[in-house]
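FYI, the numbering just counts along the sequence from 1.
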Amino acid sequence: MIYLMQHGEALSKDEDPERPLTDRGTKDAENLARMLHSAGVEIDDIVDSGKLRARQTAEALARALSPESGPQEMEGLGATDPVEPIAEQAAGWTRHVAIVGHMPFVARFVGTLVNGDAERSPVAFVPGTMVALQYEEDGWQIAWMLRPGLLR
C-alpha cells in the first residue's frame, strides 16, 4: 500500500520564504494522523521531499502512527520532479509507505500509477489530502481518499 499525501496548508512565500505549515495545516495533518491511527492504518515508512511544509506534515503522521522508520527525506519528490523514477521504485515496494509531497507531483504520481498517464489524475488534491493506493492484479487502484475538510 502506498499512501500519497499533499503537505498541509502552508504560509505563502511572502509571509515566510520557508513556507511552514499554517495553524490550520498543522491541525489538519494531526487530525488525519489521529484518524488513521484510530482506523488501524499501519505505515512502515514515511518519506518526504525535505521541504519544511512536507517535513512538518510527515512528522505529524509519524507522531500518531509510529512507523518503523521515518520521516526521512527522499530525493525526487519535488513539485516538478519527474514521477517515473519513484513510480518504478514503488513497483518493488513490499512495505506500506507514506509519501508526503507537493502539487503537481502528487497528482502526476497518482495519474501515472492509476491511469498510466501523469496528465490524467483521478484525484482532486487540496493541501492535506491523502490517497491510499493498492496494487491489484490488474494494476494500481485507489483504495480510499481523504480531504482535510472531512475531518474538521
Side-chain angles (χ1 to χ4, degrees), residues 1-10 13 18-21 25-26 28-148 150-151:
M1 187 83 77
I2 297 174
Y3 301 92
L4 189 65
M5 185 171 185
Q6 181 184 357
H7 63 76
E9 180 184 86
K13 283 184 183 181
E18 293 295 311
R19 301 208 52 217
L21 293 179
T26 298
D28 285 347
E30 290 169 347
N31 286 343
L32 177 74
R34 279 193 298 276
M35 194 280 314
L36 295 174
H37 176 75
S38 294
V41 171
E42 294 182 18
I43 294 177
D44 300 313
D45 302 299
I46 301 172
V47 296
D48 65 74
S49 70
K51 292 192 180 275
L52 180 59
R53 56 198 175 275
R55 173 53 56 111
Q56 289 173 319
T57 303
E59 287 170 347
L61 293 176
R63 282 191 298 275
L65 298 171
S66 304
E68 293 177 26
S69 66
Q72 297 178 1
E73 183 177 339
M74 183 177 196
E75 295 278 327
L77 300 180
T80 59
D81 286 341
V83 298
E84 292 78 9
I86 305 299
E88 288 173 14
Q89 285 180 32
W93 290 346
T94 57
R95 297 167 60 84
H96 301 287
V97 179
I99 299 171
V100 181
H102 312 266
M103 283 294 287
F105 179 89
V106 292
R108 293 174 55 78
F109 190 85
V110 174
T112 296
L113 291 185
V114 174
N115 293 327
D117 184 349
E119 302 307 317
R120 290 184 44 234
S121 178
V123 176
F125 280 92
V126 297
T129 299
M130 179 178 269
V131 177
L133 302 172
Q134 64 186 26
Y135 191 80
E136 301 290 338
E137 61 185 53
D138 59 342
W140 288 98
Q141 306 291 320
I142 296 173
W144 52 260
M145 172 186 158
L146 284 171
R147 295 176 96 180
L150 296 172
L151 302 174

Sequence neighbours excluded and cut-off under 3.5 Å, please list the side-chain donor-acceptor pairs for residues 73-90, or say none.
| unit_1 | atom_1 | unit_2 | atom_2 | d |
| --- | --- | --- | --- | --- |
| D81 | OD2 | L77 | N | 3.3 |
| D81 | OD2 | G78 | N | 2.7 |

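Residues that satisfy the side chain to side chain contact (heavy atoms under 4.5 Å, CB included) test with A58, not counting sequence neighbours, are I46, D48, P71, V100. Here Q141 pairs with E136, D138 under the side chain to side chain contact (heavy atoms under 4.5 Å, CB included) rule; sequence neighbours left out. Among residues two or more places apart in sequence or in another chain, the ring-ring contact (aromatic ring centres under 6.0 Å, His included) test is passed with H102 by H7. The ring-ring contact (aromatic ring centres under 6.0 Å, His included) search around W144 returns Y3, not counting sequence neighbours. By the ring-ring contact (aromatic ring centres under 6.0 Å, His included) test, F125 pairs with no residue at all, sequence neighbours left out.
L113 has its side chain within reach of I2: a pair of non-hydrogen atoms, C-beta onward, lies under 4.5 Å apart. Counting only heavy atoms from C-beta outward, the side chains of M5 and L32 approach each other to under 4.5 Å. Side chains of L52 and R19 form no contact here, defined as non-hydrogen atoms less than 4.5 Å apart. Between P148 and N31, the closest side-chain pair of non-hydrogen atoms is not below 4.5 Å.
For the atom pair CZ (R63) and NE2 (H37), the distance works out to 14.0 Å, reported to the nearest 0.5 Å. Separating the CE atom in M35 from the CG atom in L146 is a distance of 4.5 Å, to the nearest 0.5 Å. The distance from the CZ atom of R120 to the OG1 atom of T112 is 11.0 Å, given to the nearest 0.5 Å. Going from atom CE of M103 over to atom CZ of R108 covers 10.5 Å, rounded to the nearest 0.5 Å. Here E68 contributes atom CD and I43 contributes atom CD1; the two are 12.0 Å apart, rounded to the nearest 0.5 Å. Remark: L65 CG to H96 NE2 distance equals 12.5 Å, nearest 0.5 Å.
Between M1 and A132, the shortest heavy-atom distance links the atoms SD-CB, 4.1 Å. Nearest heavy-atom pair, A60 versus A33, reported as atom, atom and distance to 0.1 Å: O-CB, 3.5 Å.
Other residues, nucleotides and ligands contribute more than 12 heavy atoms inside 6.0 Å of the CD atom of Q134.
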When you look at L133 and I142, which way does the side chain to side chain contact (heavy atoms under 4.5 Å, CB included) test go after all the steps? CA-CA 5 Å; L133 302 172; I142 296 173; 3.7 Å; yes
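Checking side-chain atoms of D44 against main-chain N and O of V97 turns up no donor-acceptor pair under 3.5 Å. Using a distance-only test at 3.5 Å, with no hydrogens or angles considered, a donor-acceptor pair links the side chain of T57 to the main chain of G8.
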